[in-house]
Amino acid sequence: MIDNFALALSHGLMMLTAILLLRRPDLDREVSPTDPVERRRRRA
């Protein structure tokens, strides 16, 4: 019983982490070296 709980808990936490990371808005943006410093700071 404990083994199933440990597996479910660890996999559930990994799934939650993956979902939260994939929902980040800055994943679709890349900062170019030619961007002004103000734009780079706003995006980060």
| remark: Rounded to the nearest 0.5 Å, the CG atom of L22 sits from the OG1 atom of T17 at a distance of 10.5 Å

| field | Spatial distance of atom CE (M14) from atom CG (L9) [nearest 0.5 Å] | value | 10.0 Å

| Can you hop from L13 to F5 via hydrophobic side chains spaced under 4.5 Å? | yes

| query | Can you name the side-chain hydrogen bond (donor to acceptor under 3.5 Å, both in side chains) partners of R23, sequence neighbours left out? | reply | none

